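Inspection log for the structure reproduced underneath, given as structure tokens.
Computed from heavy atoms alone, side chains included, the values below leave out hydrogens, waters and symmetry copies. For clarity, every value in this text was computed on a predicted model and none was experimentally measured.
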Amino acid sequence: MARRGALLRTALPALVAAAALGLTACGGGSGGGGGGGDVTSLRVLDYYNNEPDKSVYAKKLDECGQQAGVTIEREVVPGDSLIAKVLQQASSRTLPDVLMLDNPDLQQIAQTGALAPISDFGLSADGFQEGVRNASTFEGQVYGLQPVTNSIGLFYNVDMLNQAGITPPKTWDELKAAAAALTQGQRYGIAFSAVADYEGAWQFLPFMWTNGGDETNIASPETAEALQLWVDLVNSGSASRSVLNWKQADVKDQFAAGNAAMMVNGPWQFPALDKVDGLHYEVVPIPVPQAGESVVAPLGGETWTIPQTGDKARQAKAAEVVACLNTDDNQIALATERTTVPTKTALRDRFVADVPRMAAFTDIVQTARARTGKLGPEWPAAATRIYTAVQTAITGGAPPLQALQQAQNG
């Protein structure tokens, strides 16, 4: 997630219901009957339609297809149209053999009956980071394997902080002080995304979760305190009021242009930032309320699933491809090429040794958790409440706790 912005989750409840009814009416399959004969090709659907991801996965899928003895027929769609397409395919029984999903969407798709548990094919998520495994779990069954993950951290301009004699902040108090000191002229001390969509909610979660806030009821003093931090940063002038409209790509652009000394963002921004002449930056975990605490950030990334196509032979081959994408070597390769983090915990040291610039994000991932971990398919509604409250508070529509109460009560 995270790099792609909001998917069509506002339409999901109705689409999920329609897909579930379609699967029930059609006996839960999608084409093909019981299988038989040799499987020579597999249909794959994903949303990696931009480079370098498109080419990285084209190569990896072809390699895994060759190992399984099949040709990959891949369909790539824009991220904001994938879920609608999947749910339409579920209801019309035309699902692909291998389906990639943004991890917070898996539980809603599994709820329709469109996915097969990976245990049906002898696969397991043992050894995967707990939050990643939880994101692919619905009602006790694991429905996908996620080879890599990502999260968000605090990027800082090394030269700007050095010139100001400031060390990267570790606590909220240090963050406020550093952001204030680094704000000069047209330059803000910090930039983040408080946009009214799932990117805004995603960026707020590390502050909310680390302070003890809970998405099951956002109208709490802990979440209000985290939201007050963001309000204070904007009202003091340390952050631009434009954070209300900035998506994560916009935040990156502000940081790259020197208009922000620090920013909250993810490792998918590395390639663009590396092209900026004279920009020296590093990444640390997002500051925590009190010294010594560990940040609790959200886990991003995509999981690979095996739809219920009704063809056992094709499903078995699809499972081979999903397993191949998640071998140790392929997790390392994908993480390296895509500036992400492998999801098997045993690979952490090997990966950081190979790609030291990912050390901060690798650490962040160890304590990160799935957005759907507590609410499951109800997470999108909670995300909407979160970003609605953030917008209300920053615009001055209501104090943080009142804004959260209004959003929670809807």
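Listed here is the closest heavy atom pair of Leu123 and Ala323: CD2-CB, 3.8 Å. Across all non-hydrogen atoms, the minimal contact from Ala194 to Trp230 is CB-CZ3, 3.7 Å. Closest approach of Ile152 to Gly266, counting heavy atoms only: CG2-N, 3.9 Å. Listed here is the closest heavy atom pair of Leu154 and Pro169: CD2-CG, 3.8 Å.
Put simply, the side chain of Glu222 does not reach to within 4.5 Å of the side chain of Met208, judged on heavy atoms.
Checked by atom type, the side-chain pair Ser136/Thr303 shows a donor-acceptor distance below 3.5 Å. In summary, the side chains of Trp209 and Glu215 do present a donor paired with an acceptor at a separation below 3.5 Å, with no hydrogens or angles considered. Donor-acceptor pairing under 3.5 Å is recorded for the side chains of Gln248 and Gln203. Between the side chains of Ser193 and Glu199, no donor N or O sits under 3.5 Å from an acceptor N or O. There is a side-chain donor-acceptor pair under 3.5 Å between Gln88 and Ser92. Donor-acceptor pairing under 3.5 Å is lacking for the side chains of Trp379 and Gln107.
Screening Gln331, Gln129, Gln146 for a side-chain hydrogen bond (donor to acceptor under 3.5 Å, both in side chains) with Thr343, the sole residue that qualifies is Gln331.
Around the CD atom of Gln290, the shell of radius 6.0 Å holds no more than 12 heavy atoms that belong to other residues, nucleotides or ligands.
No donor-acceptor distance shorter than 3.5 angstrom exists from the side chain of Thr71 to the backbone of Ser41, with no hydrogens or angles considered.
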Determine, step by step, whether Glu130 and Arg133 satisfy the salt bridge (charged side-chain N to carboxylate O under 4.0 Å, His left out) criterion, reporting the C-alpha distance in whole Å, the side-chain angles of both residues, the deciding distance to 0.1 Å, and the verdict.
-> CA-CA 5 Å; Glu130 181 182 3; Arg133 186 173 63 251; 5.1 Å; no
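Classification of the Phe361-Phe270 ring pair by plane angle, with boundaries at 30° and 60°, yields perpendicular.
Applying the ring pair (Phe, Tyr, Trp, His ring centres under 6.0 Å) test to Tyr57 and every residue at least two apart in sequence or in another chain returns Tyr48, Trp304. In this structure Tyr156 satisfies the ring pair (Phe, Tyr, Trp, His ring centres under 6.0 Å) test with no other residue, sequence neighbours excluded.
Salt-bridge annotation for Lys54 and Glu51: absent, with no side-chain N of the basic residue lying under 4.0 Å from a carboxylate O of the acidic one. Salt-bridge formation is not detected for the pair Arg74/Asp62: no Lys NZ or Arg NE/NH1/NH2 atom is positioned less than 4.0 Å from an Asp or Glu carboxylate oxygen. Using a cut-off of 4.0 Å between Lys/Arg side-chain N and Asp/Glu carboxylate O, Asp329 and Arg350 are scored as salt-bridged.
Pairs engaging residues 164-181 under the side-chain hydrogen bond (donor to acceptor under 3.5 Å, both in side chains) rule: Lys176-Asp232 [sequence neighbours left out].
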